[in-house]
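Reading through the structure tokens given below for one structure.
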Amino acid sequence: MRSLNLAAVAALCVIVSACSKDGGSSSQAPADAPTPAAAPAPTDAEKAAALAALPAPYNTGDLSNGQSKFALCRSCHTITEGGPDLTGPNLYGVFGRKAGVKEGYSFSDAVKAAGFIWDAQQLDKWLADPRGFMPGTKMTFAGIKNEKDRIDLIAYLKVETGYQTPAK
Ligand code: HEC
């Protein structure tokens with residue numbers, strides 16, 4: 001058992017490369033261990049996998065077209081985790097969240113009273129014609145008339161805002 005432990009300690013030493021030559025058995029854990037870093041940004045491969053896991057028609061969405069359509073939103077919205085609210089609220093985690101409840105942002109009464117949970121269907125109607133879909137909203141955006149552009153943008157937003165496809 002002891003040799004096994006030593007092997008494990010030695011392996012750890014290789015990883016942290018901070019142990020003394022005796023295998024580190026007498027050294028203490030460093031008090032100033034670095035705090036765990038934030039989760040790394042997903043790689044392109046992870047984004048492709050997240051896209052493929054979406055329900056149709058979003059699983060075949062064009063992420064690069066979605067990204068270029070997001071240019072229509074980015075003057076008012078950030079989508080990164082913990083990103084600031086601009087004219088509109090930060091959109092990280094919006095899928096699966098109730099409309100108008102994101103903390104720290106002052107929504108219109110119309111959105112606060114909407115009472116639904118954001119999913120692809122609601123977002124599609126919202127993006128096609130925000131003020132027609134929800135009279136009284138303060139989102140002054142004309143809408144995206146092209147359905148394929150909305151699909152691509154929603155796929156992009158799902159992949160970028162931390163949406164987790166529910167396990168089947
Ligand atoms: C001119 C600024 C502006 C633009 C452009 C804009 N938005 Fe908004 N957005 C807002 C505002 C303001 C609100 C809050 C609406 C309210 O409270 O009535 C909002 C709210 C939202 C919400 C509801 C969030 C929640 O938590 O309920 C979503 C989703 C959204 N926008 C998505 C988008 C997307 C996607 C685009 C690009 C196609 C976009 N918006 C373009 C200003 C904008």
Side-chain angles (χ1 to χ4, degrees), residues 15 30-168:
I15 295 165
D32 59 345
T35 45
T43 62
D44 285 352
E46 284 163 344
K47 289 181 185 179
L51 178 72
L54 296 179
Y58 302 101
N59 55 345
T60 54
D62 176 349
L63 290 184
S64 65
N65 185 43
Q67 182 170 28
S68 65
K69 294 305 160 216
F70 184 69
L72 299 167
C73 327
R74 69 166 72 248
S75 60
C76 297
H77 291 287
T78 62
I79 48 172
T80 49
E81 187 169 11
D85 297 330
L86 306 176
T87 304
N90 168 263
L91 294 177
Y92 189 88
V94 71
F95 291 99
R97 187 164 67 206
K98 215 173 146 194
V101 300
K102 190 210 162 276
E103 249 176 69
Y105 182 81
S106 175
F107 289 91
S108 66
D109 290 344
V111 173
K112 279 192 285 196
F116 62 75
I117 302 222
W118 284 115
D119 60 13
Q121 287 72 26
Q122 299 287 7
L123 202 71
D124 185 72
K125 291 186 253 178
W126 168 257
L127 294 181
D129 181 8
R131 283 170 294 175
F133 174 64
M134 200 181 297
T137 179
K138 61 176 180 170
M139 174 155 133
T140 52
F141 176 67
I144 298 175
K145 300 305 167 204
N146 182 294
E147 186 184 1
K148 173 75 171 119
D149 285 345
R150 293 198 305 273
I151 289 172
D152 293 344
L153 175 56
I154 289 169
Y156 172 76
L157 288 173
K158 285 210 173 199
V159 168
E160 296 291 330
T161 61
Y163 171 80
Q164 302 281 333
T165 302
K168 295 215 177 90

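Whatever order the structure lists them in is the order used to number ligands and atoms, beginning at 1.
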key: Protein heavy-atom partner closest to atom 5 (C) of ligand 1 - residue, atom, separation in Å   = Leu72 O, 3.3 Å
request  = Please report which non-hydrogen protein atom sits nearest to atom 25 (C) of ligand 1, along with the residue it belongs to and the distance in Å to one decimal place.
outcome  = Trp118 NE1, 3.2 Å
request  = Provide the number and element of each atom of ligand 1 under 4.0 Å from a heavy atom of Ile144.
outcome  = 38 (C)
ask   = Side chain, backbone, both or neither: which part of Phe70 has a heavy atom under 4.0 Å from ligand 1?
value = neither
ask   = For atom 17 (O) of ligand 1, what is the nearest protein heavy atom, given as residue, atom name and distance?
value = Ser108 N, 2.7 Å
Per-atom contacts of ligand 1 with Thr140, taking only distances under 4.0 Å to non-hydrogen atoms = 1 (C)
request  = Give the residue, atom name and distance (to 0.1 Å) of the protein heavy atom nearest atom 40 (N) of ligand 1.
outcome  = His77 NE2, 2.8 Å
ask   = Please walk me through it: do Leu157 and Val94 pass side chain to side chain contact (heavy atoms under 4.5 Å, CB included)?
value = CA-CA 9 Å; Leu157 288 173; Val94 71; over 6 Å; no
query = Which ligand 1 atoms are under 4.0 Å away from a heavy-atom of Gly100?
reply = 25 (C), 26 (O), 27 (O)
inquiry  = For a distance under 2.8 Å, tell me if Cys73 has an N/O/S atom near atom 8 (Fe) of ligand 1.
reply    = no
ask   = Would Met139 count as a contact for atom 8 (Fe) of ligand 1, in the sense that one of its N, O or S atoms lies under 2.8 Å from it?
value = yes
Sub-4.0 Å heavy-atom contact, Leu86 with ligand 1 = no
Distance from atom 30 (C) of ligand 1 to nearest protein heavy atom, with residue and atom = Trp126 NE1, 3.2 Å
remark   = In terms of its nearest heavy atom to atom 12 (C) of ligand 1, the top option of Tyr105, Phe107, Phe141 is Tyr105
key: Flag side-chain contact, heavy atom, 4.5 Å: Leu91 against Cys73   = no
inquiry  = Tell me the closest heavy-atom pair linking Ile154 and Leu127, and the distance in Å.
reply    = CG1-CD1, 4.2 Å
inquiry  = Measuring only between side-chain heavy atoms, which start at C-beta, is Asn90 closer than 4.5 Å to Glu81?
reply    = no
Distance from atom 43 (C) of ligand 1 to nearest protein heavy atom, with residue and atom = Cys76 CB, 3.3 Å
Numbered atoms of ligand 1 (with element) below 4.0 Å of Leu153, judged on heavy atoms = 38 (C)
query = With a cut-off of 4.0 Å, which atoms of ligand 1 are near a heavy atom of Leu127?
reply = 34 (C), 35 (C), 38 (C)
query = Does any non-hydrogen side-chain atom of Met139 lie less than 4.5 Å from one of His77?
reply = yes
task = Report yes if some heavy atom in the side chain of Lys125 is under 4.5 Å from a heavy atom in the side chain of Met134; otherwise report no.
result = no
message = Measuring from non-hydrogen atoms of Ala110 to any atom of ligand 1, is the shortest distance under 4.0 Å?
response = no
request  = Tell me, with the steps shown, if Lys69 and Asn146 meet side chain to side chain contact (heavy atoms under 4.5 Å, CB included).
outcome  = CA-CA 11 Å; Lys69 294 305 160 216; Asn146 182 294; over 6 Å; no
request  = Take the angle between the ring planes of Trp126 and Phe133 and call it parallel below 30°, perpendicular above 60°, tilted in between.
outcome  = perpendicular
message = Which of the numbered atoms in ligand 1 are under 4.0 angstrom from any heavy atom belonging to Leu123?
response = 29 (C)
ask   = Among the heavy atoms of Leu157, does any lie under 4.0 Å from an atom of ligand 1?
value = yes
ask   = Can you find a pair of side-chain heavy atoms, one from Tyr58 and one from Ile151, that are under 4.5 Å apart?
value = yes
query = Given that the side chain starts at C-beta and the backbone is N, CA, C, O, which of these parts of Lys112 lies under 4.0 Å from ligand 1, counting heavy atoms, or is it both or neither?
reply = neither
task = Indicate yes or no: does an N/O atom of Ser106 lie under 3.5 Å from an N/O atom of ligand 1?
result = no
inquiry  = Would you say NZ of Lys98 has more than 12 non-hydrogen atoms from neighbouring residues, nucleotides or ligands within 6.0 angstrom?
reply    = no
request  = Please write down residue, atom name and distance for the protein heavy atom closest to atom 15 (C) of ligand 1.
outcome  = Thr137 OG1, 3.4 Å
